Amino acid sequence: MSETDPHIHVEQKVMQAGAAYRNMIASTLGAVPDAPSVVATGCGLQVPYAMTSPRPESVTCLACREHAHREHLRFAEQVERLSRMPGAPVTGDQAAKAAQWARDLAKRFSG
């Protein structure tokens, strides 16, 4: 971990980062996970959690932006693929909305 790194990064596990994910876990399990003090980032560094953001407009590390872009596109493809499987827990419309959300976020990370 570099104390002089001025960049804002994304967590390596982009789709499991941020308050929305922690809120989902809390509502599902009834327990609130603590935010870690240090996290692995998309660019491979270990940085303080406070130096990360799930918001594209806040991320200043180019490698992390590229990582988040790829991860959101991968998520969109997975959602669409899984929605076509027999017995899928989401409808095609729900999957299309989720995939579009992920692609929109990927676009914000690339721009």
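Here the structure is a predicted model, which is why all the values come from computation and not from measurement. Hydrogens, waters and symmetry mates play no part in the numbers below; they use all other heavy atoms, side chains included.
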Contact check, side chains of Val14 and Phe75, non-hydrogen atoms, under 4.5 Å: no
Note, Ile8 side chain near Met51 side chain (heavy atom, < 4.5 Å): yes
From CD (Gln78) to OG (Ser83), nearest 0.5 Å: 12.0 Å
His69 side-chain N/O to Arg65 backbone N/O, donor-acceptor pair under 3.5 Å: no
Distance, nearest 0.5 Å, that separates NE2 of His9 from CD of Gln46: 11.0 Å
In one Ile/Leu/Val/Met/Phe/Trp/Tyr side-chain cluster, 4.5 Å: Trp101, Val59: yes
Common cluster, Tyr49/Val47, ILVMFWY with side-chain heavy-atom separation under 4.5 Å: yes
Smallest separation among heavy atoms of Pro54 and Phe109, with atom names: O-CZ, 3.6 Å
Non-hydrogen atoms of His67 and Gln12 that approach each other most closely: NE2-O, 2.8 Å
Contact check, side chains of Glu77 and Arg103, non-hydrogen atoms, under 4.5 Å: yes
Non-hydrogen atoms of Gln94 and Pro89 that approach each other most closely: OE1-O, 4.4 Å
Heavy-atom pair of closest approach, residues Thr41 and Cys64: CB-SG, 3.9 Å
Where Ala95 and Val79 come nearest, the two heavy atoms and their spacing: O-CG1, 3.5 Å
Side chain Arg108, main chain Glu57, donor-acceptor under 3.5 Å: no
Side-chain hydrophobic cluster, 4.5 Å single linkage: members besides Leu73: none
From Leu105 atom CG to Arg55 atom CZ, the distance as rounded to the nearest 0.5 Å: 11.0 Å
Atom pair CG (Asp5) and OG1 (Thr60), whose distance is rounded to the nearest 0.5 Å: 7.5 Å
Residues which pass salt bridge (charged side-chain N to carboxylate O under 4.0 Å, His left out) with Arg74, listed by chain and number, not counting sequence neighbours: Glu71
From OG (Ser53) to CD (Glu11), nearest 0.5 Å: 10.0 Å
Test side-chain hydrogen bond (donor to acceptor under 3.5 Å, both in side chains) applied to Arg70 - qualifying residues, sequence neighbours left out: none
